Amino acid sequence: MPLLLDLAPLRENAPYRRLYAGFTLSNVGSQLAVVAIGLQVYDLTRSTAAVGIVGLCALVPLVVMGLYGGTLVDHFDRRVVGLIAQSIAFVTSILCALQAWAGNTQVWVLYLLVALWNGAFAVASPARSSIYPRILRRDQLPAANALSVFAMNASMTVGPLMAGVLVDAGGFKAAYTVDAVITTAALWGLAKLPALPPEPGEEGAAPSKPGLRSVLDGFAFLATRPNVRMTFVADIAAMLLAQPRVLFPAAGAVIFGGGARTVGALSAAAAVGGIVAMFFSGRLGHIRRQGLAIMVSIVGWGFAIAGFGAAMLAAGGVVDRGTALWFGLLAMAVAGASDSVSAVFRTTILQAATPDHLRGRLQGVFIVVVAGGPRLGEMAGGFLSTGVGEAWTAVLGGMACVLAIVVLSRAQPGFLRYDARHPRP
C-alpha cells in the first residue's frame, strides 16, 4: 500500500495535468491577494471587525453565484462556463492592482472588489470540480482530490509568505500586481481542455435549465441524501465556530508582533500542515470509512484552533512572545493537516455519490459551504473578538467545534458507517 502522494492522475491524464497546473499557479495569486486585502483593510481601519466585514462582502456573492453558477455548470459546457468566470476573476485582480497604484484610501472599494472576485470564484470552482469526474476514473478521485488539496496548501504557503514580503518591500501595489500576472495560468488550463457539454439526466432527460427550479432540484436531492448532506453540515460547524483567519492581523500587529510577516507565517503554517498530511496521503484512497475519517479530522481541527487561542493567551505574559508564536504556528499546522484530510474525503463523497447531471448544482452548494462558511465565521469571530478578545475567541470557538461534531455524530450514526466501496448519497 503506497504511503506517499499518489501522482497517477498527473502521469496518466494530460487534460487533468494542464488544469491542475493552471489552477495551482493561479491559487498562489489568490491566496496572496486574500492576505493583502486583509492587511490593507486593517491598515486603513485598525479594526478586526472591519476585517471581518470582508467576510460578509464575500458571503453574499458566494451564496448567490454559487447556487446559480451550479445550474450553469449543469446546463452549459463546463469548460466555457469556467473560462468566462475565470476571466472575470482575472479582471478583478487587475482592478485590485489599479486601486493600489492609485493610492486608494476608501475601504468600500476593497469590499466591492472582494464581492466581485468571490462571485466569479463561486462559478469557476464548481465548474472545475465538476470537470474532474468527467476526465478521471472514479478510483482516481481520492488521489486527484489529495493532489488538489496539496496544491491548495502549497498555494496557501507560498501566497501568504509572498504577500508578507511584497507588502513590506513594495506595498500593496506590488502584491496585487503579482496576483494579476499569475492569475492568467488558470485561463490557460481551462482553454486547453476539450469541450465538456452536459450529459443527460435521469432516464435520458435533458439537463434542467438554469434558474430557481434547477437550484431547488439540487436542494431536493440533498434533502433526501443524508451522507452527502452531512459533509456540508460538519464543515459548516468547523468553519462557522472555529475560523481563525480573521484573528491573524491583530495577532501580528499586537499579540505576537511582527506585523505582516507574522500574518503570512500563520497562514502559511496551516498550509504547511496540509502539505505534510497530503505528502503522506497515499493510503487515503484505501480508507473505506470516509465519513468517520471526516468527523475525526474535524475534531482535530477544533482542538488545534483552541490550541492557537491558548498560544495567544500565553503571549500575554506566561511566556515570551517569540515562544508563544512558535506554539501558535504549531497549532495552525495541526489545524491545516486536519482540514486537508477532511477536505479530501468530503470532496470524494460528493463526487462519487452524486449523479453527473446534478454535480454542478451540488458543487455550487459545496462552494457556498466551504468558501461561504469561513467568511461567515470570520464575520462572527471579528465581532466576538471585540467582546472577549482574539485569544478567547479562538479557544471558545475550537471547543464549540469539537462539541458540535460529537453531537452530529450521535445524531447521524449512519454517516460514520459510510463505505467508499459502495457510495450511497
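These numbers come from the heavy atoms of this one structure, side chains and all, not from hydrogens, waters or symmetry mates. All figures in this text were calculated on a predicted structure; none of them were measured in a lab.
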Item to check | Test log, rule side-chain contact (heavy atoms from CB on, under 4.5 Å), inputs L384 and W392 | outcome: CA-CA 9 Å; L384 179 61; W392 278 110; over 6 Å; no

Next on the checklist: F121 vs I88, test: side-chain contact (heavy atoms from CB on, under 4.5 Å). Steps then yes/no.
Outcome noted: CA-CA 9 Å; F121 171 78; I88 296 173; over 6 Å; no

Checklist entry - Would I405 and V296 satisfy side-chain contact (heavy atoms from CB on, under 4.5 Å), going step by step from the backbone distance to the final call? => result CA-CA 9 Å; I405 293 303; V296 171; over 6 Å; no

Item to check | Stepwise side chain to side chain donor-acceptor pair (under 3.5 Å) check, S30 with W117 | outcome: CA-CA 10 Å; S30 298; W117 187 90; 4.5 Å; no

Item to check | side-chain contact (heavy atoms from CB on, under 4.5 Å) assessment of R245 paired with V34 | outcome: CA-CA 10 Å; R245 190 167 57 191; V34 166; 4.0 Å; yes

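The shortest side-chain heavy-atom distance between L32 and V28 does not fall under the 4.5 Å cut-off. Within the 4.5 Å cutoff, side-chain heavy atoms of L247 are placed close to those of M312. The shortest side-chain heavy-atom distance between M230 and M295 falls under the 4.5 Å cut-off. The side-chain heavy atoms of W188 and L25, taken from C-beta on, include no pair separated by under 4.5 Å. The side-chain heavy atoms of S297 and D339, taken from C-beta on, include no pair separated by under 4.5 Å. Looking at L116 and L112, their side chains never come closer than 4.5 Å, going by heavy atoms from C-beta outward. In this structure the side chain of I53 reaches within 4.5 angstrom of the side chain of C57, judged on heavy atoms. Between M239 and C401, every side-chain heavy-atom pair lies at or beyond the 4.5 Å cut-off.
A donor-acceptor contact closer than 3.5 angstrom links the side chains of Y176 and Q40. T183 and D179 are linked by a side-chain donor-acceptor pair at a separation below 3.5 angstrom, with hydrogens and angles left out of the test.
F308 contributes atom CZ, which lies 12.5 Å from atom CG of L330 (distance to the nearest 0.5 angstrom). A distance of 6.0 Å separates CG of D235 from OG of S342, quoted to the nearest 0.5 Å. To the nearest 0.5 Å, atoms CG (L190) and CZ (R78) are separated by 13.5 Å. Rounded to the nearest 0.5 Å, atoms CZ (R17) and CG (L147) are 12.0 Å apart. We find the CD1-CG distance between I305 and L396 to be 13.0 Å, quoted to the nearest 0.5 Å. Atoms CG and CZ, on L39 and F248 in that order, are 11.5 Å from each other to the nearest 0.5 Å.
In this structure a side-chain-to-backbone donor-acceptor pair under 3.5 Å is present from N27 to F23. In this structure, the side chain of W301 engages the main chain of A242 through a donor-acceptor pair within 3.5 Å. Distance alone, capped at 3.5 Å, places no donor-acceptor pair between the T184 side chain and the A180 backbone. The main-chain N or O of V334 is found under 3.5 Å from a side-chain atom of S338 such that the two form a donor-acceptor pair. Q243 places no side-chain N or O within 3.5 Å of a backbone atom of L240 that could act as its donor or acceptor partner.
Taking all atoms of both residues into account, the shortest heavy-atom contact from A238 to I298 is CB-CG2, 3.6 Å.
In the displayed structure, F303 atom CZ is contacted under 6.0 Å by at most 12 heavy atoms of other residues, nucleotides or ligands.
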